[in-house]
Amino acid sequence: MTDVIDHAAQTNSVQPGVSDARLKELVEQARAEGLPLTGDGGLMAKLTRLVVESALEGEMDEHLGYGKSDPAGEAAATPTTQVSRSGAFCISRARPR
């Protein structure tokens, strides 16, 4: 059996995560402060950096079985510049623990 996804119903239903209203607030705040939405140092680059760092940290935590701040694994972070369509951003990537 094939599941049918109703995108209109998903958009209108309450879903966990960041609300559209909160995202609009971030965009409005960025514009008010003169922060570009795209490009190096823009809102998209900052959000992308945050999401990528969080995902990498979560993968490492799950793989190793302990969190970054757990004394079981002291590791130094290495800054790495990544480039995406929304601009360049620097992330702190932990070396293998």
Side-chain angles (χ1 to χ4, degrees):
M1 174 178 231
T2 304
D3 293 329
V4 176
I5 299 173
D6 184 356
H7 293 288
Q10 286 183 347
T11 303
N12 295 328
S13 65
V14 176
Q15 295 183 10
V18 181
S19 69
D20 287 347
R22 181 64 185 127
L23 293 173
K24 287 178 184 178
E25 285 178 32
L26 287 173
V27 170
E28 289 171 6
Q29 181 181 354
R31 286 183 174 150
E33 294 175 2
L35 181 69
L37 297 181
T38 60
D40 292 349
L43 179 63
M44 278 298 295
K46 289 179 180 228
L47 288 172
T48 303
R49 178 186 56 83
L50 179 65
V51 170
V52 169
E53 281 183 342
S54 297
L56 291 173
E57 186 175 317
E59 285 180 1
M60 286 297 289
D61 291 353
E62 185 176 326
H63 175 73
L64 297 172
Y66 56 85
K68 183 177 181 178
S69 60
D70 191 323
E74 295 293 326
T78 304
T80 304
T81 300
Q82 301 292 317
V83 179
S84 73
R85 290 182 180 176
S86 60
F89 56 94
C90 185
I91 62 171
S92 293
R93 188 179 69 188
R95 70 172 192 238
R97 300 185 235 175

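Hydrogens, waters and symmetry mates play no part in the numbers below; they use all other heavy atoms, side chains included.
Taking OG1 of Thr80 as the reference point, atom CG of Leu56 lies at 9.5 Å (rounded to 0.5 Å). The CD atom of Glu57 lies 11.0 Å from the CD1 atom of Ile91; values are rounded to the nearest 0.5 Å.
Residues Met44 and Leu50 fall into different hydrophobic clusters, defined by Ile, Leu, Val, Met, Phe, Trp and Tyr side chains chained together at heavy-atom separations under 4.5 Å.
What you find for Ala88 and Asp40 is that their closest heavy atoms are N-OD1, 2.6 Å. Of all heavy-atom pairs spanning Gly39 and Ala45, the tightest one is O-CB, 3.7 Å. Between Ser84 and Phe89, the shortest heavy-atom distance links the atoms OG-CE2, 3.8 Å. The two residues Ala30 and Leu43 make their nearest non-hydrogen contact at CB-CD2, 4.1 Å.
With respect to the salt-bridge test (charged N to carboxylate O, under 4.0 angstrom), the residues Arg49 and Glu53 qualify. Between Arg22 and Glu25, at least one side-chain N (NZ, or NE/NH1/NH2) sits under 4.0 Å from a carboxylate O, which counts as a salt bridge.
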Determine whether Lys46 and Leu35 satisfy the following criterion, side chain to side chain contact (heavy atoms under 4.5 Å, CB included), listing intermediate values before the conclusion. CA-CA 11 Å; Lys46 289 179 180 228; Leu35 181 69; 4.2 Å; yes
